[in-house]
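Below is one structure, written out as structure tokens, with a few remarks after it.
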Amino acid sequence: MALKMVKGSIDRMFDKNLQDLVRGIRNHKEDEAKYISQCIDEIKQELKQDNIAVKANAVCKLTYLQMLGYDISWAAFNIIEVMSASKFTFKRIGYLAASQCFHEGTDVIMLTTNQIRKDLSSPSQYDTGVALTGLSCFVTPDLARDLANDIMTLMSHTKPYIRKKAVLIMYKVFLKYPESLRPAFPRLKEKLEDPDPGVQSAAVNVICELARRNPKNYLSLAPLFFKLMTSSTNNWVLIKIIKLFGALTPLEPRLGKKLIEPLTNLIHSTSAMSLLYECVNTVIAVLISLSSGMPNHSASIQLCVQKLRILIEDSDQNLKYLGLLAMSKILRTHPKSVQAHKDLVLQCLDDKDESIRLRALDLLYGMVSKKNLVEIVKKLMSHVDKAEGTTYRDELLTKIIDICSQCNYQHITNFQWYISVLVELTRLEGTRHGHLIAAQMLDVAIRVKAIRKFAVSQMSALLDSAHLVASSTQRNGICEVLYAAAWICGEFSEHLQEPHQTLEAMLRPKVTTLPGHIQAVYVQNVVKLYASILQQKEQAAEPEAAQDVTQLMVDRLPQFVQSADLEVQERASCILQLVKHIQKLQAKDVPVAEEVSALFAGELNPVAPKAQKKVPVPEGLDLDAWINEPPSDSESEDEKPKGIFHEEEQRHAKQRLPEADEEELARRREARKQEQANNPFYIKSSPSPQKRYQDMPGVEHIPVVQIDLSVPLKVPGMPMSDQYVKLEEERRHRQRLEKGRKKKKTKEKGKPRRHGSLHTESDEDITPAQQVDIVTEEMPENALPSDEDDKDPNDPYRALDIDLDRPLADSEKLPVQKHRNVDASKCADKEDVPVVEKKAKKPKKKEKKHREKEREKTGKEKEGEDLDFWLSTTPLPAAAPALKSSKHKKKKHKKEKEEKSKDKKKSKKKPPSDEAAEPVENGALDEEPLPPMSSYCLLAENSYIRMTYDIQGSLQKDSQVTVSVVLENQSRSFLKNMELNVLDSLNTKLARPEGSSVHDGVPVPFQLPPGISNEAQFVFTIQSIVMAQKLKGTLSFIAKNDEGSTHEKLDFKLHFSCTSYLVTTPCYSDAFAKLLESGDLSMSSIKVDGISMSFQNLLAKICFHHHFSVVERVDSCASMYSRSIQGHHVCLLMKKGEKSVSVDGKCSDSTLLSNLLEELKATLAKC
Amino acid sequence: MIQAILVFNNHGKPRLVRFYQRFPEEIQQQIVRETFHLVLKRDDNICNFLEGGSLIGGPEYKLIYRHYATLYFVFCVDSSESELGILDLIQVFVETLDKCFENVCELDLIFHMDKVHYILQEVVMGGMVLETNMNEIVAQIEAQNRLEKSEGGLSAAPARAVSAVKNINLPEIPRNINIGDLNIKVPNLSQFV
């Protein structure tokens, strides 16, 4: 034994310590891996020894190797051995190693429980401290469960050093063992007021982390945090609290109001930038959450923007970055106040720091308007020239395109300018985004008819210029624009000034160096050009010139025939044969131009991406039926279509021959029609009066919209975008003058000057100088007008709806757990699901304790009590069926509508009466006939369309209501591209699809054929519900009839009454009595005279229109109950006298109550 | 919450790797490499915030870093932390290192990784900020060092003597390696608390 000891210490003399290991590794740079594996072998030997110092040394070295990426989990057991050493020195090493490499999957971890418990209760505070620190990194659910109690005791340890560690580790324990939250929370809360600042800070830290995940349950702590905020001097704590308030204010606007003042004071007084920044951030959050009904806080906004400006102007790049970051938050709600600092943002574009430039670019996107777009893009273009890194340059390029094309080119007043910007961008070498520019060129040229002439002239110049072709060698994506250029020049060749020159440019030998898909487009469009030149020459009676062109084609096309790209080769050889044939005919002096151009007659229209889906299945067509005899085996399936294809190919080839005369063409057309009729894959267009090209040969299958061509453009040479700035200014100036002279014409001609919002700048207002008709995307005739879109998973509203509904359905079954389930499902992907559940329970307890205190303090903790009420009383089982049935109805009613919209148009009337059924039962005890009621009221109406709407809230979404709008087409026109937009207020906002700005409208997901109605739903988010509100809005749409299509709009005012925030909620009489006794509710009453209606019907009417449910009714006296979506209780007592009705109301919010009673009064007065 | 704290030098060699969320070792190394490449291409006079890398976190996470002489100190944090607060915290950490090592330089971190960990443990615990007051941090560290000394330390006297003898045989004594300006210059920044 003694010998062994001696041997051990002799061996030790040759052990390496950590420093030796590091040194060794540094000396073995060439064979590091080999050296380390050798060291690991040594370590393994050392770990086998009994001497704990040797083991500790080995473990210490392992920790270092772990940092270098070596797995040391094989030594887990030895680490535990070292952890259990009695000396602090060794213990610390052990815990460090454990904290670096233990995790939930480490199996030996369960052996540590007792050791850790022993260390936690060690008399030495550092043993305890080291154990806590280690545990915080590798705590598992088992450890958390077993040690929770020990740690909780430590929270009241005498040493602050231990207390703060114990408090902090509790968060980790809650995460792993959620059941501990409830018992531990009171103590945790105590620690908020611990005398030691470190402990206090730890407690704030933990609660902030908890509250971040589920702020609602921590609202009740607001007064305490408020006190801390005003008393604490520790910036770290202050920052945490202020951040927490930022998360709480959206839930409780009244909290925000209270915060504004102290926060403003802090902003003025603090010298710490970190604190200042967080204050500004939270003030922004407060301002966003405050309702528009509140007194105006523009002073605070100004203060924030000013302070942010100071940050942005600071030389410290970090402050600059954060300032821009916060600025973009303000931009979302107060774009005006940010737009004033455009200069600053533009200045930041010059910054040397890329992160800052990118932030500034983000801000710019929201700052453009019709007025400053040209100027901003000019600035960006100059940056494009200067930018060194391609990444940043590409970012700039995409931003320019994003900014210009946002909201359907909303801000572009002059498309000539835009085209020239795009052309300028093609000078960029080495960008990856050539295809983006190309897509924009195509989009603009196709959709803006008036610009085509200009576009064609620019594109032909592009084709002519050598630099793009030259740069096509691999590295470049910019040659993609040639794809667009070639296509535009070919398709709109009638606008070409010198088609011959363009043709030559497209046939240059260099073109063959372009990528295959671009060459293919070249080849195809060369023929289009050729056709138009032929026509021109023949009309001018210059047969020689025509033959020259043909000769040119015959000479140059072979270079494409040799192409390695199949597509190019096929097209080229086909066309070469065609041209040769034409040449023969020309030699015989046969006029061919007519036939050749017939190949490309007709016009292509932009087609909406969804169009294909919208094509109705023709009657009698069964898509699932076999076209042929079902194949006997899989092989023949392959063969048959091939055969058909082959035949067709040959026939088509023949058809292309130009000897076909008019008659022949007609015959073939007929045949093709027949063929198409029999071909289920061919999208047939049903006859429509809009067809304009009906009589033109070969195009009747192309759906065409009649577009009003505005005054043709005069192309002033080819000015580059810079020149446009001047031109534009001149134009605006002229217009202003003109406007002054002719008042009448202002509407059509005057430049729309700084209209506040999108809908005032509808296409009707576009000035002639713009000369654009934004051709809208084509939809097939008779597209299914209804819910086809609803199936679209990308439709945000659809997705939203489902999300709302699903957790509800589950929770209805388990009323008591309802609240928890909703929360849990929200955080389902987070690791701490159970915590959330836990948290939902906890406030109940805590609430009771602090109720009195809070009430007298701020009186703003109603939520907590609501929660209490919710969890303790049981109105929910009763509520469940009601909610469910209403949901059912919604679905049913949608289905009904779907059917109805197909055959008849009465759908609008039906759902309300359907809905009426439920509350009537609820209110009226016996079956007396009731007048028909509809909750849908008129929103707006004109000769085209009639809009009625209803607003529904849901108890599950405390800041959302759904507005269902029934749109009825009253005209003979086909209404499409309907878009609804409202001017958001601070309090109420339309939920828009992600990524759209506050000025964007929300598309209505259907079209309306004449006489049809359908319902669309829009979600609004609401902050405060205590006051009624009106939102102005516009529905814009395109009405299409025989004469053509027009842009129309209909303005409306959406009235959010307080009633619309109420949700019919049944209430038991005992719960009702308890509620009234609680004394938390404020009271008010009204009386209405001259009522003739029976009490019965009166009740039914109130129940239906104001979403109440009858709790009890005795003779001519009834008590009623309802809840707001934000959980306010509303109790009514209605008494009927001879000819009068008196209503006493009690509600948890007095403003809400008085507003509600006003609305009730208005309803009663009509009875 | 702090997700990870990484310290590496100008060549990307890790000097301290502390994750508060479990990642396998090879992923840890990848994260270090990725983070290094992210911060390497940034000038010294531009802002200290980076949107998170692809491996750690995602869009909710930010990398906040400071560059001192040869070392980068990178904190990966989520949105609950104040950006400027964390910058100050890095400063506190580095100043503490400076006090504990007396003019800290990269070599101190290289050879005393364990001690750096112990210091960090007094600042951040389990991903949450434990203490921001430097005096308090230093006091606790010193108390623990005294405790360790009283226990005789890890390597008792004989072993130390042997290691001194062994050093003589080394072809090159690493302390003489010239790594250039080693001292981490701790600029006087505004005190946090």
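Reminder, nothing fancy here: chain letters follow the sequence lines and each chain counts from 1. No experiment lies behind these values; they were computed from the predicted model shown.
- Both the backbone and the side chain of Glu81(B) come within contact range of chain A, judged by heavy atoms closer than 4.5 Å.
- Only the side chain of Leu325(A) comes within contact range of chain B, with heavy atoms under 4.5 Å apart.
- For chain B, the nearby part of Tyr321(A) is the side chain; its heavy atoms alone come within less than 4.5 Å.
- Between chain B and the residues Lys352(A), Lys240(A), Lys320(A), Gln317(A), the most heavy-atom pairs under 4.5 angstrom are made by Gln317(A).
- In the model, Glu122(B) has a side-chain atom that pairs as donor or acceptor with a side-chain atom of Tyr161(A) under 3.5 Å.
- Salt-bridge check for Glu32(A) with Arg26(A): failed, with every basic side-chain N at 4.0 Å or more from each acidic carboxylate O.
- Using a 4.5 Å cut-off between heavy atoms, Arg18(B) touches chain A through backbone and side chain atoms alike.
- Counting only residues at least two apart or on different chains, the side-chain hydrogen bond (donor to acceptor under 3.5 Å, both in side chains) pairs with a member in residues 126-136 of chain A are Ser122(A)-Asp127(A), Tyr126(A)-Gln140(B), Thr133(A)-Lys165(A).
- With a 4.5 angstrom heavy-atom cutoff, Gln144(B) touches chain A via backbone and side-chain atoms both.
- With hydrogens and angles ignored, the 3.5 Å screen pairs a side-chain donor or acceptor of Asn205(A) with a backbone N or O of Val129(B).
- Each of Arg15(B), His117(B), Glu131(B) has some count of heavy-atom pairs under 4.5 Å with chain A, and the biggest count is that of His117(B).
- Using modelled atom types and a 3.5 Å distance limit, the side chains of Ser232(A) and Asn234(A) yield no donor-acceptor pair.
- Checked by atom type and distance alone, the side chain of Arg42(B) pairs as donor or acceptor with a backbone atom of Cys47(B) at under 3.5 Å.
- Heavy-atom distances place no part of Val167(A) under 4.5 Å from chain B, backbone and side chain included.
- Only the side chain of Leu18(A) has a heavy atom closer than 4.5 Å to any heavy atom of chain B.
- Within the 3.5 Å criterion, the main-chain N or O of Ala69(B) finds a donor-acceptor partner in the side chain of His67(B).
- When heavy atoms are compared at a cutoff of 4.5 Å, Glu83(B) approaches chain A by way of both its backbone and its side chain.
- No other option in Gln125(A), Gln100(A), Met273(A) has as many heavy-atom pairs under 4.5 Å with chain B as Gln100(A).
- Looking at Asn48(B), the atoms closer than 4.5 Å to chain A (heavy atoms on both sides) sit in the backbone and in the side chain alike.
- With a 4.5 angstrom heavy-atom cutoff, Lys243(A) touches chain B only via side-chain atoms.
- The candidate from Leu16(B), Asp78(B), Val32(B), Asp43(B) with the greatest count of non-hydrogen atom pairs under 4.5 Å with chain A is Asp78(B).
- Comparing Leu87(B), Val17(B), Leu130(B) by heavy-atom pairs within less than 4.5 Å of chain A, the highest count is held by Leu130(B).
- No part of Ser73(A) comes within reach of chain B, as not one of its non-hydrogen atoms sits under 4.5 angstrom from that chain.
- Within the structure, salt bridge (Lys or Arg N to Asp or Glu O under 4.0 Å) contacts touching residues 88-97 of chain A (residues at least two apart or in different chains) are Lys91(A)-Asp119(A), Arg92(A)-Glu148(B).
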>> Let's go through Val7(B) and Leu109(B) carefully: what are the C-alpha distance in whole Å and the side-chain angles of both, what is the deciding distance for side chain to side chain contact (heavy atoms under 4.5 Å, CB included) to 0.1 Å, and is it a yes or a no?
In response: CA-CA 9 Å; Val7(B) 180; Leu109(B) 272 75; 3.8 Å; yes
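- Neither the backbone nor the side chain of Glu104(A) has a heavy atom closer than 4.5 Å to any heavy atom of chain B.
- Ranked by non-hydrogen atom pairs under 4.5 Å with chain B, the options Cys137(A), Cys101(A), Gly24(A) are led by Cys137(A).
- For the pair Ser80(B) (side chain) and Glu209(A) (backbone), a donor-acceptor distance under 3.5 Å is absent.
- With a 4.5 angstrom heavy-atom cutoff, Phe138(A) does not touch chain B via any of its atoms.
- Residues Arg163(A) and Asp196(A) are not paired through a salt bridge, judged by the lack of any N-O separation under 4.0 Å between the basic side chain and the carboxylate.
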